[in-house]
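Worksheet for the structure shown next.
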Amino acid sequence: MDIQLPSKAERHTLFGSVTPGSKTKPTQKHKMSDLQNKKNNFLFSLNQVGISNVKMPVNVHSMLPPTQQTTVATFTLTSSLPYNHKGTNMSRFTEQLEKYRQQGFTLDLPILRDFVRELSERLEQVDAKLEVEFPWFYERKGPFSGLTGLNHATARICISYSQEAGFTNDVTLICGITTLCPCSKEISEYSAHNQRGYVTMNVRLSNDYDEEQDWKAALLNAAESNASACIHPILKRPDEKMVTEQAYENPRFVEDMVRLVTADLYEIDWITSFTVECRNEESIHLHDAVALLTINK
Ligand SMILES: Nc1nc2c(ncn2[C@@H]2O[C@H](COP(=O)(O)OP(=O)(O)OP(=O)(O)O)[C@@H](O)[C@H]2O)c(=O)[nH]1
């Protein structure tokens with residue numbers, strides 16, 4: 001094949017690009033109009049305005065191995081906006097993220113609290129909120145073989161700051177477990193259906209919480225230690241036999257899961273309130289089974 005192509009500039013013209021016209025508007029920042037900083041009565045104050053779905057590599061400390069890990073986090077950053085401000089200064093949200101990225105952003109709670117307070121100052125607003133979600137990785141050994149592999153759970157941190165009320169620290173962990181149906185076990189001559197369930201624990205941390213306690217590991221343990229069995233990346237046949245028998249010996253409805261996890265979270269003194277949800281991707285249905293419980297201690 002021998003195709004004679006026009007130059008790249010000619011190709012762009014062919015596909016509709018035009019020469020820039022004469023430009024009259026200022027190019028220097030101080031001469032540009034600043035629409036978003038216009039003050040007037042704009043009718044309503046806003047609860048939240050900012051940016052969402054921002055991806056960034058971050059560092060995470062973990063009590064479970066790997067104890068230092070890098071992962072990709074998705075951020076939402078917002079503040080409120082008074083009725084007399086037309087718009088927020090959007091560029092300052094990403095400027096704040098970039099400042100922390102250059103320092104090697106680690107998602108420790110004290111660092112995130114500094115981030116949110118500084119963000120409110122940078123925005124010249126009375127409050128700010130950070131929500132960040134990331135896959136958190138933890139090693140899991142086969143129960144017989146001891147062979148190690150990596151599992152992950154979805155972790156979320158939400159820090160709110162206001163000059164008036166200070167900080168609230170909410171965290172969420174969503175992890176996979178195995179559940180075996182008690183009803184199916186009871187009524188069947190053989191076997192019982194079982195499935196992958198997802199436990200979502202949404203927790204408010206008290207001021208006593210310190211990073212040594214690692215909320216991620218504690219919430220994972222609350223879910224897994226009450227499940228029919230844990231999820232494993234690598235299982236050899238002796239492992240598989242153990243996991244299968246363990247599930248049969250520990251049947252759980254979604255209701256059982258939520259109540260048992262609730263009891264564990266209730267006993268943790270650095271948790272002030274929480275919601276537990278269990279969702280089973282039923283293997284005998286196309287629909288899921290769900291249960292949810294909220295506790296204010
Ligand atoms: N408020 C607002 N800004 C938007 C919106 N859509 C885009 N922008 C952003 O406007 C930003 C520029 O505005 P500012 O952050 O106020 O920029 P600036 O005034 O040069 O920066 P400062 O001097 O820090 O105030 C860009 O980052 C755009 O992304 C919107 O819906 N609302």
Side-chain angles (χ1 to χ4, degrees), residues 64 133 135-144 149-156 158 170-205 214-235 237-297:
L64 301 178
E133 179 174 310
W136 164 60
F137 295 90
Y138 54 95
E139 268 180 22
R140 168 57 35 85
K141 287 187 165 80
F144 186 88
L150 266 194
N151 268 0
H152 70 274
T154 299
R156 272 189 220 132
C158 177
D170 293 327
V171 294
T172 301
L173 193 81
I174 306 170
C175 63
I177 49 153
T178 296
T179 55
L180 182 134
C181 179
C183 171
S184 172
K185 174 178 174 177
E186 185 79 14
I187 62 179
S188 307
E189 299 289 348
Y190 333 97
S191 182
H193 76 84
N194 61 83
Q195 52 262 323
R196 196 182 307 155
Y198 287 95
V199 181
T200 301
M201 292 151 287
N202 193 345
V203 159
R204 176 150 299 177
L205 302 176
D214 193 1
W215 61 271
K216 304 181 293 304
L219 298 190
L220 180 69
N221 182 54
E224 291 192 322
S225 63
N226 289 301
S228 299
C230 297
I231 303 275
H232 295 82
I234 303 175
L235 291 174
R237 277 170 291 151
D239 297 312
E240 187 176 1
K241 174 176 159 62
M242 281 181 77
V243 171
T244 306
E245 289 169 359
Q246 188 201 339
Y248 197 76
E249 290 154 6
N250 297 277
R252 300 281 188 266
F253 285 135
V254 280
E255 296 93 324
D256 304 329
M257 275 308 298
V258 163
R259 288 177 171 135
L260 285 168
V261 174
T262 292
D264 278 20
L265 298 189
Y266 195 82
E267 286 181 338
I268 299 178
D269 53 11
W270 43 261
I271 294 177
T272 62
S273 59
F274 59 91
T275 298
V276 180
E277 188 206 67
C278 183
R279 179 176 65 83
N280 275 353
E281 294 182 344
E282 294 285 290
S283 61
I284 57 166
H285 302 296
L286 279 179
H287 58 257
D288 298 343
V290 290
L292 186 143
L293 175 53
T294 297
I295 297 278
N296 251 312
K297 287 200 209 168

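Distance CG/N280 to OG1/T178: 10.0 Å, rounded to 0.5 Å. Distance check, rounded to the nearest 0.5 Å: CG of L293 to SG of C278 gives 12.0 Å. Atom CG of D264 sits about 7.0 Å away from atom CG of N221, to the nearest 0.5 Å. Note: E240 CD to L235 CG = 6.5 Å, rounded to the nearest 0.5 Å. One finds the NE2 atom of H152 at 11.5 Å from the CH2 atom of W136 (value rounded to the nearest 0.5 Å). Atoms CG and CD, from D269 and E267 in turn, are 10.5 Å apart once rounded to the nearest 0.5 Å.
Crowding of Y248 atom OH: a count of heavy atoms from other residues, nucleotides or ligands under 6.0 Å exceeding 12. Within a 6.0 Å sphere centred on CZ of R279, heavy atoms belonging to other residues, nucleotides or ligands number more than 12. More than 12 heavy atoms of other residues, nucleotides or ligands sit less than 6.0 Å from atom NZ of K297.
Ring geometry for H285 against H287 counts as parallel: the plane angle stays under 30°, on a 0 to 90° scale with 60° as the upper cut.
There is a side-chain donor-acceptor pair under 3.5 Å between N202 and T172.
In this structure, L64 and A217 approach most closely via the heavy-atom pair CG-CB, 4.0 Å. Nearest approach of A153 to L173, heavy atoms of both residues: CB-CD1, 4.0 Å. Closest of all the heavy-atom pairs between E281 and Q195 is O-CB, 3.2 Å. Counting all heavy atoms, side chain and backbone alike, A218 lies closest to I268 at CB-CD1, 4.5 Å. Closest heavy-atom contact between G142 and D239: C-OD1, 3.4 Å. In terms of heavy-atom proximity, C230 sits nearest to H232 at O-ND1, 3.2 Å.
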E139 vs L150, side chain to side chain contact (heavy atoms under 4.5 Å, CB included): CA-CA, chis, key distance, verdict
CA-CA 5 Å; E139 268 180 22; L150 266 194; 4.1 Å; yes
Quick one, L265 with L219, criterion side chain to side chain contact (heavy atoms under 4.5 Å, CB included). Give me CA distance, side-chain angles, the key distance, then yes/no.
CA-CA 8 Å; L265 298 189; L219 298 190; 3.6 Å; yes
Does the pair R252 and L260 meet the rule for a side chain to side chain contact (heavy atoms under 4.5 Å, CB included), with working shown?
CA-CA 10 Å; R252 300 281 188 266; L260 285 168; 3.3 Å; yes
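With N226 contributing its side chain and M257 its backbone, the two residues share no donor-acceptor pair below 3.5 Å. Side-chain N or O atoms of S228 include one that pairs as donor or acceptor with a backbone N or O of N250 at under 3.5 Å. Between the side chain of K185 and the main chain of L180, no donor-acceptor pair closer than 3.5 Å is present. A side-chain donor-acceptor contact under 3.5 Å links D214 to the backbone of K216. Distance alone, capped at 3.5 Å, places no donor-acceptor pair between the S273 side chain and the R204 backbone. Although no hydrogens or angles enter the test, the distance criterion places a donor-acceptor pair under 3.5 Å between the side chain of S283 and the main chain of N194. In this structure, R140 contributes its side chain and I231 its backbone to a donor-acceptor pair below 3.5 Å.
Two residues are said to be in side-chain contact when any heavy atoms from C-beta on lie closer than 4.5 Å; I295 and I271 fail this criterion. Within the 4.5 Å cutoff, side-chain heavy atoms of M201 are placed close to those of C175. Side-chain contact between T179 and V254 is absent, with no heavy-atom pair separated by less than 4.5 Å. Y198 places none of its side-chain heavy atoms less than 4.5 Å from the side chain of E277. Looking at heavy atoms from C-beta onward, L220 lies in side-chain contact with Y138 at the 4.5 angstrom threshold.
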